[in-house]
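Structure first, commentary second.
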Amino acid sequence: MTHTGSNGTIRPMFGQETSTDRFATAIARALARAGVPLAEREIMQQLAFPQETSFGDYAFPCFSLAKARRKSPDQAAAEVVAALKALPPEPGIASVESRGAYVNFFVDKLAMIRDALLACAKTGPKYGHSTIGNDRTVVIDYSSPNIAKPLSIGHLRSTVIGGALYRIFGALSYRCVGINHLGDWGTQIGTVIAAVKKWMPGASMADSSVRQLAELYARYHAEMAADPSLETEARDWFRKLENADPETVSLWKAFLELTIASLKRAYERVGVRFDSYAGESFFNDKIEPALKELAQRMSGKLVAPPPPGKDGKAPPAKGDAPAAVPVTGPLPRMRESEGALIVDLSDFGMPPCLLRKSDGATLYATRDIAAALYRQQTYGFARAVYVVAADQRLHFRQFFKVLELAGYTWASNCVHVDFGLIRFKGEKMATRAGTVVLLEDVLDRSIELTVEKMRDRRLDPEKQEAIARAVGIGAIIFHDLKHKRVKDVDFDWEQILRFDGETGPYVQYTYVRIASIFKKYAEMRNAQGAGTGAAMEADLADDAKLDRLTDLEEFQMAKLIHRFPAIVEQAAEKYEPSIIAGHLLDCAAAFHRYYRDVDRHKVVSDDLELTKARLLLCSCLKTVIANGLELLGIRTVEEM
RNA sequence: GCCCCCGUAGCUCAAUUGGAUAGAGCAUCGGAUUUCUAAUCCGGUGGUUACAGGUUCAAGUCCUGUCGGGGGUACCA
């Protein structure tokens, strides 16, 4: 079975399929030959990266070995090194030494540089991608806002995390289905209809905006507190909708269309897309059959006849199937209790999962179950991922457990990818309380600030707008994705709009600087009457003299490039885009450190051979940044 | 009440999933620009990893308890 573990990690779905690191493999092989009594795979799992890079590139801790051999760890490490030195050298490994309890390995720097740069240059925009997904389907449910409301900053997390996972899994050759499970049904819809009928009679939807609808909703909700009759009115409207009253239905459809159009504009801005907008209403006619199936599988009993169909006619009578099962002996797990239909989960330390209210209506969990069945049937997913806030943990545990108890083997492939709440000055944000910050307002503000910041740069005014958009919005997305999912975040204008330090603009700026180096190079070549820029970057790998890259900083950049594919896999394995964001920050920092030391590292120089080697290195780092940002949904710009 | 998550520098976060001297950014103090874009770089200050026990060769990480913050907890989604 699958669980979002307590710390948010999830059982590995990759297993042995992860692509291998040739250096780690060589080291494991050598250690096994040198008498470490473990399988090569186990050794590889124990390999670590020393945090102090001068200690080596890979390390093997000898504590457990020492215990087995009844020696001190230092001694064991020394013995291993001695044994290693007696063996023929492994390709790619330059030297080994023991330091305390560790066996530290130094890779052949040139080999690492060559591996990294050639692989990266060869695959270019596909660097970091792989085939481990093998076309298996991953269904990702994310964003999923309610209709007739604009997106708030609270929707940002699900939207960008889901969007990033969509692209990350896609890059690993999973076939992704992005689903926006819109909240387009329920009494809240009745409230909106009631409010519109009351205060906007006769107005056409074309003249109104989602924001207006939201305001009406908030107003209605506020007045409801004083006037309870409004509540029944709202409920009546929803009943009308359920009974397919034509006028009400067309109003509802208008809300839906208006909302989707507005959502699509917002999603386009943050680089997110969906394959399906099948919201709650889509499952209305799938709930009863799903319940019936569940009841059959769990020998449960159905309570209360299904409500009448949309057109008032009786629902298609599919036989009076498994009606009441006599209750004898231990209570069936799925049963009637207090007039409601429940699945008893007390064995698992959870409150019961409610499938039908005592008034016959179905609930959140019922709909999710119907949706899961539908998705399994329709898409045959290998994994269903729900990117939903952490306050829904219990709901997902219950709902997955019910699927499991019903005997659906694929229940173990359902995963709740949870994330911390966005709070506003310590409080949960709520539309009703009016403490919402709208997503689009945040994006706009960020773009404005970017424009201000660009003012003192001499940039082509025509390009300015596009640049400001990419940088401003990128800052917001990156700020969200750089933190681990589990953390709650307090919304703070000052922090979200920060452009210095570990931020999106910092990473984008790295890209800009590298692009600028290439411009400089193109100018130089043109002055010499050499080829054009486009061909230039592509050809670099062919004749680059990589042995000219001898500085430590260059090796360190190559190491980061080399690790990128593993980083992407790790991000998928843990459903954690922040791993990619963190790696990009490392890349950016490594480059800036390198770049600022102009005396030693001027890329474009008179030494053409060295220039080309360095250009290739920079080009690869630029590729990693571009690919990483693209996975996060952030655009790159050539200047800023 | 019970269950779940979180607690690391003044602030926001990392820490290769149990490994070496706990690292970054912001803020603050001090430096670097005739240069391929300073949205940058270098250095200083800043830590009893909430607290108390325990397991282990090794604990920020695992276990128990306490404190603090957040969330959830049968007919909302």
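Every heavy atom of this structure was used, including side-chain atoms; hydrogens, water molecules and symmetry mates were not. Throughout, protein chains are lettered first and strands after them, A, B, ... in sequence-line order, and every chain is numbered starting at 1.
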Fill in: Atom-to-atom span, CD1 of A:Ile189 to C1' of B:A77 - whole angstrom
11 Å
Worksheet item: Quick one: are the ring centres of A:His416 and A:Phe399 less than 6.0 Å apart?
Response: no
Worksheet item: Side-chain N or O of A:Arg596 less than 4.0 angstrom from OP1 or OP2 on B:A32?
Response: no
Worksheet item: Ignoring hydrogens and angles, does a donor from either the side chain of A:Asn104 or the base of B:A20 sit under 3.5 Å from an acceptor on the other?
Response: yes
Worksheet item: Taking the side chain of A:Gln392 as its heavy atoms from C-beta onward, which of B:U40, B:A77, B:G72 lies nearest to it?
Response: B:A77
Discussion item. Would you say A:Lys484 places a side-chain N or O within less than 4.0 Å of OP1 or OP2 belonging to B:C6?
Written reply: no
Worksheet item: Aromatic ring centroids of A:Phe396 and A:Tyr386 under 6.0 Å?
Response: yes
Discussion item. Whether the A:Thr503 and A:Asp500 side chains hold a donor-acceptor pair (N or O, under 3.5 Å, no angle test) is what I'd like checked.
Written reply: no
Item to complete: Quickly work out the A:Glu52 CD to B:A15 C1' distance and round it to whole Å.
Response: 15 Å
Worksheet entry | Pairwise 5' ranking along RNA chain B for A:Thr450 and A:Gly349, keeping only the more 5' one | A:Gly349
Discussion item. Between A:Tyr506 and A:His592, is the ring centroid distance below 6.0 Å?
Written reply: yes
Worksheet item: By centroid distance (under 5.5 Å) and plane angle (under 30°), are A:Tyr595 and B:C36 in a stacked arrangement?
Response: yes
Worksheet entry | A:Ser337 (side chain) and B:A74 (base): donor-acceptor pair under 3.5 Å | yes
Worksheet item: Rounded to whole angstroms, how far apart are CZ on A:Arg498 and C1' on B:G25?
Response: 9 Å
